[in-house]
Amino acid sequence: QVQLVESGGGLVQPGGSLRLSCAASGSAFSINAMGWYRQAPGKQRELVAMITSGGIITYSDSVKGRFTISSDIAKNTVYLQMNSLKAEDTAVYYCRTDFRWLDYPRGAWGQGTQVTVSS
């Protein structure tokens with residue numbers, strides 16, 4: 001199937017920037033969409049940004065204008081450039097992919113990477 005490996009989280013001051021990366025690996029799969037969700041303490045996991053194989057991008061209203069999602073198709077990798085970070089962005093960020101494996105529709109989650117925005 002597929003495995004997702006995330007990197008790029010960390011501690012940053014308000015107004016700062018971070019860049020998250022997520023690489024999908026496996027065999028006999030094709031990506032339909034990749035993106036990012038986040039979960040803050042005591043809250044539900046929520047969509048941050050998603051990009052489809054056709055390049056259609058969706059952002060949460062809370063991150064529009066500050067975050068940018070992009071992908072490298074050849075590397076099965078998705079990125080999230082996070083600028084103008086706010087304390088409210090503090091959460092565990094999870095990579096998500098919707099894919100097909102042997103023509104079966106599947107989904108997978110990354111392990112999560114912590115993003116903390118604090119002075």
Side-chain angles (χ1 to χ4, degrees):
Q1 213 164 302
V2 312
Q3 298 79 45
L4 301 176
V5 179
E6 305 171 3
S7 63
L11 174 64
V12 65
Q13 295 185 18
S17 298
L18 286 173
R19 182 175 174 85
L20 306 183
S21 299
C22 174
S25 63
S27 61
F29 75 96
S30 60
I31 300 294
N32 292 333
M34 293 188 74
W36 298 90
Y37 288 70
R38 67 186 180 187
Q39 188 166 22
K43 295 187 177 181
Q44 298 267 56
R45 188 172 299 187
E46 64 178 2
L47 175 70
V48 177
M50 185 70 64
I51 183 168
T52 73
S53 60
I56 305 300
I57 295 173
T58 300
Y59 292 106
S60 166
D61 288 342
S62 64
V63 307
K64 286 181 180 177
R66 300 187 298 120
F67 292 8
T68 302
I69 190 169
S70 61
S71 63
D72 184 332
I73 300 301
K75 297 181 179 179
N76 291 130
T77 300
V78 66
Y79 307 93
L80 186 68
Q81 179 66 45
M82 304 185 293
N83 298 327
S84 301
L85 283 161
K86 303 184 291 187
E88 305 90 86
D89 297 316
T90 296
V92 177
Y93 284 68
Y94 295 92
C95 184
R96 168 72 181 185
T97 183
D98 296 319
F99 64 96
R100 293 187 178 274
W101 174 74
L102 301 177
D103 285 332
Y104 294 95
R106 302 291 180 99
W109 292 100
Q111 80 283 358
T113 184
Q114 178 71 47
V115 172
T116 301
V117 185
S118 176
S119 299

Task: Any pair counted as ring pair (Phe, Tyr, Trp, His ring centres under 6.0 Å), so long as it reaches residues 49-99, sequence neighbours left out - done: none
Open item on the list: Once salt bridge (charged side-chain N to carboxylate O under 4.0 Å, His left out) is applied, do any residues pair with Asp103, and if so which ones, sequence neighbours excluded?
Closed with: none
TODO: For residues 12-58, pull every pair meeting disulfide (SG to SG under 2.5 Å), keeping only residues two or more places apart or in separate chains.
DONE: Cys22-Cys95
Open item on the list: On a heavy-atom basis, which atom in Ala24 and which in Leu4 lie closest, and how many Å separate them?
Closed with: CB-CD2, 3.5 Å
TODO: Could you tell me the separation between the CZ atom of Arg19 and the CG atom of Leu80, rounded to the nearest 0.5 Å?
DONE: 9.0 Å
Open item on the list: If only side-chain N and O atoms count, and only distance matters, is there a donor-acceptor pair under 3.5 Å linking Thr116 with Ser118?
Closed with: no
Task: Euclidean distance, Leu102 CG relative to Ser30 OG, rounded to 0.5 Å - done: 10.0 Å
Task: Ser71 OG to Met34 CE distance, which is reported to the nearest 0.5 Å - done: 8.5 Å
Task: Close side-chain approach of Lys86 and Pro14, heavy atoms under 4.5 Å - done: no
Open item on the list: Applying a strict under-4.5 Å side-chain criterion to I, L, V, M, F, W and Y, I'd like to know whether Ile51 and Ile31 cluster together.
Closed with: yes
- [ ] Run through Thr113, Val78, Val92 and flag the one making a side chain to side chain contact (heavy atoms under 4.5 Å, CB included) with Glu6.
- [x] Thr113
- [ ] Can you sort out the partners of Arg66 under salt bridge (charged side-chain N to carboxylate O under 4.0 Å, His left out), two or more places apart, ordered by chain and number?
- [x] Asp89
- [ ] Would you give the length of the straight line joining atom CZ of Arg38 to atom CG of Leu47, rounded to the nearest 0.5 angstrom?
- [x] 10.0 Å
TODO: Would you give the length of the straight line joining atom OG1 of Thr97 to atom CZ of Phe29, rounded to the nearest 0.5 angstrom?
DONE: 7.5 Å
TODO: Any pair with a residue in residues 39-78 that passes disulfide (SG to SG under 2.5 Å), sequence neighbours left out, goes on the list, sorted by first then second residue, please.
DONE: none
Task: side chain to side chain contact (heavy atoms under 4.5 Å, CB included) assessment of Lys75 paired with Ser21 - done: CA-CA 11 Å; Lys75 297 181 179 179; Ser21 299; over 6 Å; no
Open item on the list: Tyr37: which residues meet the ring-ring contact (aromatic ring centres under 6.0 Å, His included) condition with it, sequence neighbours left out?
Closed with: Trp109
Task: Nearest atoms (heavy-atom pairs only) where Gln114 meets Ala91 - done: NE2-O, 3.4 Å
TODO: Determine whether Trp36 and Met50 fall in the same hydrophobic cluster, where Ile, Leu, Val, Met, Phe, Trp and Tyr are linked whenever their side-chain heavy atoms lie under 4.5 Å apart.
DONE: no
Open item on the list: Give me the atom names and distance for the closest heavy-atom approach of Leu18 to Val115.
Closed with: CD1-CG1, 3.8 Å
Open item on the list: Rounded at 0.5 Å granularity, tell me how far CG in Leu20 sits from CD in Gln81.
Closed with: 9.0 Å
Open item on the list: Show, in sequence, the C-alpha distance, side-chain angles and deciding distance for Val12 and Met82, and conclude whether the side chain to side chain contact (heavy atoms under 4.5 Å, CB included) test is met.
Closed with: CA-CA 11 Å; Val12 65; Met82 304 185 293; over 6 Å; no
- [ ] Go through the side-chain N and O atoms of Ser17 and Asn83 and say whether any donor and acceptor fall under 3.5 Å apart.
- [x] yes
